[in-house]
Peer 1: 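Attaching a single structure in structure tokens format; questions to follow.
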Amino acid sequence: MTFKGSKRLQQLGSAIFSEVAEWKREVMNQGVDVIDLGIGSPDLPPSNRILEAMAEAVRNPAHYGYPTSEGSLAFREAVAKWYDYRFGVQLNAETEILTLMGSQDGLAHLALSLCDPGDIAIVPDPGYPIYSASLVLAGVEPYLLPLRAANHFLPQLEDIPDDVAAKAKFILLNYPSNPLSAVADRAFFEYLISYAKKHDLLVVHDLAYSEMAFDGYKPISILEIEGAKEVAIEFHSLSKSFNMAGCRIAFLTGHGDAVRALKTLKSNIDYGVFGAIQAAGIAALEEDMESDHSVSSRYEKRRNSFISALNDAGWIIPPPKATMFIWAEIPKGWTSRQISREMLFQTGVVVIPGDAFGAEGEGFVRIALVQEEARLLEAARRLGDWLRTLE
């Protein structure tokens with residue numbers, strides 16, 4: 001007997017990532033030195049303080065019972081203190097914060113907790129794949145909101161049809177953005193909150209990259225906007241900011257009813273985050289509040305070196321203001337998938353085709369700055385040499 005899996009699985013859109021992984025295996029089997037700039041997983045370890053806190057907590061027998069599904073009160077209180085320190089936002093640790101096993105965990109289950117089959121949700125195109133995949137799992141109809149270079153990759157909310165805005169349960173956005181590395185200012189968030197109140201619409205903001213910003217730019221929380229907690233929730237993660245991607249710890253903040261809905265669903269699915277990981281998370285947040293332990297400077301240096309080298313090779317890319325990604329427009333005459341494959345087979349450099357993130361991503365590739373500077377410069381050299389052969 002064989003099983004094909006559910007129809008939902010066939011709609012999840014992971015085929016491009018699987019295809020790139022297969023290309024990588026094929027090239028590596030040929031003995032090529034591959035430089036993987038595909039998946040956005042930090043290549044650096046957490047700080048010593050985080051590692052020591054985790055090691056001590058692992059040895060504590062108290063952490064080996066089931067944790068609470070909403071997360072320890074100690075971790076949620078640390079989140080509340082950090083949000084006040086970082087954004088000037090006051091949160092109730094008991095009702096406005098939920099601990100998650102990574103922000104993808106929360107994003108994957110959000111629609112299941114807020115929507116019924118047949119409902120509409122507004123999600124960005126291009127966007128992080130789980131945004132749309134979560135709607136497939138919940139039987140929710142997506143309205144794809146195009147994000148285009150001509151508009152600085154900001155949505156044109158006024159172009160959303162009134163009937164869609166009236167029916168939609170939530171609108172999901174992500175600034176600083178993965179994959180676009182685009183940013184939004186306070187004026188945009190004020191407009192977004194005003195729009196949401198007008199249409200009785202929940203705003204879901206993914207702020208995973210708030211601590212990866214450059215050139216003096218400081219991303220804000222949407223919850224800083226007056227009245228935002230009446231209509232908004234915000235996901236945040238320790239994965240990128242504190243090099244804790246493998247730990248799987250994040251949190252949701254904001255509107256108490258929406259936080260409670262996801263908490264209720266999660267309480268029926270799992271028992272939450274291992275206590276030792278939460279102890280490490282507390283150490284990360286406390287260290288940041290004490291010494292501004294930021295990863296931004298390292299990624300800014302990588303960005304500067306890599307983009308400068310590509311510019312010298314003739315691939316002109318505007319430097320992003322935030323995130324660990326570069327969203328690069330490709331030369332004319334190629335599709336995103338074609339050039340990504342050719343780059344890998346000709347240079348050994350892995351990038352992700354832009355259409356992996358939605359139809360509006362065609363014509364771009366995403367490059368992750370997840371190698372040391374010397375490897376990034378080697379990648380740029382290889383790409384430059386290959387691009388010159390196309391002239």
Side-chain angles (χ1 to χ4, degrees), residues 2-5 9-45 102 104 126 128-130 133 178-179 181 239-240 243-248 299 302-303 305-307 309-310 312-315 317 323-359 361-391:
T2 59
F3 293 93
K4 296 181 179 179
L9 293 181
Q10 300 170 25
Q11 302 176 55
L12 290 182
S14 61
I16 296 178
F17 290 95
S18 299
E19 195 171 340
V20 172
E22 182 57 38
W23 299 342
K24 179 182 173 182
R25 282 191 292 271
E26 185 177 346
V27 171
M28 291 179 70
N29 287 339
Q30 296 172 7
V32 174
D33 172 31
V34 169
I35 303 177
D36 194 343
L37 307 182
I39 303 303
S41 180
D43 60 305
L44 303 168
Q104 179 144 324
Y128 188 49
I130 196 61
N178 174 15
S181 298
S239 293
K240 310 302 170 64
N243 297 319
M244 296 177 68
C247 297
R248 309 316 302 140
Y299 283 97
R302 291 180 179 186
R303 176 206 65 169
S305 297
F306 187 65
I307 284 189
L310 289 180
D312 290 344
W315 193 3
I317 303 170
T323 81
M324 55 166 47
F325 302 113
I326 292 171
W327 186 244
E329 188 170 6
I330 61 176
K332 303 298 182 185
W334 296 84
T335 69
S336 296
R337 200 174 305 197
Q338 286 171 342
I339 201 168
S340 297
R341 187 181 191 281
E342 197 68 11
M343 281 180 180
L344 177 52
F345 278 81
Q346 297 298 325
T347 74
V349 178
V350 180
V351 302
I352 300 296
D355 62 339
F357 306 97
E362 181 55 73
F364 294 83
V365 295
R366 192 193 73 176
I367 307 171
L369 300 171
V370 291
Q371 300 282 346
E372 290 290 353
E373 191 174 355
R375 291 290 277 172
L376 289 171
L377 289 174
E378 169 64 14
R381 183 195 64 77
R382 294 184 195 178
L383 291 171
D385 289 347
W386 178 68
L387 287 168
R388 291 186 189 98
T389 70
L390 306 180
E391 296 175 354

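Index from 1, following the sequence. Note that the structure is predicted; figures quoted are calculated from it, not measured.
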Peer 1: Sequence neighbours excluded, which residues qualify as side chain to side chain contact (heavy atoms under 4.5 Å, CB included) partners of Ala328?
Peer 2: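 Only Trp315, Ile317, Ile326, Val365, Ile367 meet the side chain to side chain contact (heavy atoms under 4.5 Å, CB included) criterion with Ala328.
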
Peer 1: Shortest non-hydrogen contact from Pro179 to Pro126?
Peer 2: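 Heavy atoms only, the tightest pair is CG-CB, 4.1 Å.
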
Peer 1: Taking the basic N atoms (NZ, or NE/NH1/NH2) and the acidic carboxylate oxygens, is any pair closer than 4.0 Å for Asp312 and Arg381?
Peer 2: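 Salt bridge between Asp312 and Arg381, a charged N being under 4.0 Å from a carboxylate O: no.
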
Peer 1: Is a side-chain donor or acceptor of Gln371 paired with a backbone partner of Leu37 at a separation under 3.5 angstrom?
Peer 2: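 Judged by distance alone, no pair lies under 3.5 Å.
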
Peer 1: Please enumerate all residues that pass side chain to side chain contact (heavy atoms under 4.5 Å, CB included) together with Asp33, with sequence neighbours excluded.
Peer 2: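 Listed in chain order: Arg375, Arg382.
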
Peer 1: Tell me the closest heavy-atom pair linking Pro42 and Met324, and the distance in Å.
Peer 2: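 That closest heavy-atom pairing would be CG-CE, 4.1 Å.
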
Peer 1: So, using side chain to side chain contact (heavy atoms under 4.5 Å, CB included) as the criterion, who are the partners of Asp355 when residues are at least two apart?
Peer 2: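 Checked Asp355 against side chain to side chain contact (heavy atoms under 4.5 Å, CB included); matches are Ile16, Ser336, Arg337, Pro353, Glu362.
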
Peer 1: For Phe345, does the six-membered ring have the charged nitrogen or CZ of Arg341 within the cation-pi criterion, i.e. under 6.0 angstrom from the centroid and within 45° of the normal?
Peer 2: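 Yes, Arg341 sits over the ring of Phe345.
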
Peer 1: To the nearest 0.5 Å, how far apart are CD in Glu22 and CD in Glu19?
Peer 2: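 Interatomic distance, Glu22 CD to Glu19 CD, rounded to 0.5 Å: 9.0 Å.
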
Peer 1: May I have the step-by-step check of side-chain contact (heavy atoms from CB on, under 4.5 Å) for Asn178 and Thr323, ending in yes or no?
Peer 2: CA-CA 7 Å; Asn178 174 15; Thr323 81; 5.8 Å; no

Peer 1: Quick one: ring pair (Phe, Tyr, Trp, His ring centres under 6.0 Å) partners of Phe364, sequence neighbours excluded?
Peer 2: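 Per chain and number, Phe364 pairs via ring pair (Phe, Tyr, Trp, His ring centres under 6.0 Å) with Trp327.
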
Peer 1: Under the 3.5 angstrom rule, does the side chain of Lys240 hit a backbone N or O of Gly40 as a donor-acceptor pair?
Peer 2: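 Yes; at least one donor-acceptor contact below 3.5 Å.
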
Peer 1: Could you check whether any side-chain heavy atom of Val20 comes within less than 4.5 Å of a side-chain heavy atom of Ser340, counting everything from C-beta outward?
Peer 2: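 No, every pair of side-chain atoms sits at 4.5 Å or beyond.
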
Peer 1: At their closest point, which heavy atom of Gly348 faces which heavy atom of Val32, and how far apart are they?
Peer 2: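 Nearest heavy atoms, Gly348 then Val32: CA-CG1, 3.9 Å.
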
Peer 1: May I have the step-by-step check of side-chain contact (heavy atoms from CB on, under 4.5 Å) for Leu390 and Glu342, ending in yes or no?
Peer 2: CA-CA 12 Å; Leu390 306 180; Glu342 197 68 11; over 6 Å; no

Peer 1: Please evaluate residues Leu376 and Leu369 with respect to the criterion side-chain contact (heavy atoms from CB on, under 4.5 Å), reporting the C-alpha separation (whole Å), side-chain torsions for both, the decisive distance (0.1 Å), and the verdict.
Peer 2: CA-CA 7 Å; Leu376 289 171; Leu369 300 171; 4.2 Å; yes

Peer 1: Can the positive tip of Arg302 be found less than 6.0 Å from the middle of the six-membered ring of Tyr299, inside 45° of the ring normal?
Peer 2: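 So Arg302 does make the cation-pi contact.
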
Peer 1: Going by the rule ring pair (Phe, Tyr, Trp, His ring centres under 6.0 Å), which residues pair with Phe325 if we only count those two or more places apart in sequence or in a different chain?
Peer 2: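 Counting only residues at least two positions away or on another chain, Phe325 forms a ring pair (Phe, Tyr, Trp, His ring centres under 6.0 Å) with Tyr209.
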
Peer 1: Between CG of Leu387 and CD of Gln346, what distance do you get to the nearest 0.5 Å?
Peer 2: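 Between atom CG of Leu387 and atom CD of Gln346 there are 11.5 Å.
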
Peer 1: Excluding sequence neighbours, so at least two apart, what forms side chain to side chain contact (heavy atoms under 4.5 Å, CB included) with Leu377?
Peer 2: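 Scan of Leu377 (side chain to side chain contact (heavy atoms under 4.5 Å, CB included), adjacent residues dropped) gives Ser305, Ala309, Glu373.
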
Peer 1: Which pair of non-hydrogen atoms, one from Arg366 and one from Gly38, has the smallest distance, and what is that distance?
Peer 2: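 Taking every non-hydrogen atom into account, NH2-O, 2.8 Å.
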
Peer 1: Any chance you could lay out the side-chain contact (heavy atoms from CB on, under 4.5 Å) test for Val370 and Ile39, step after step, and finish with the verdict?
Peer 2: CA-CA 8 Å; Val370 291; Ile39 303 303; over 6 Å; no

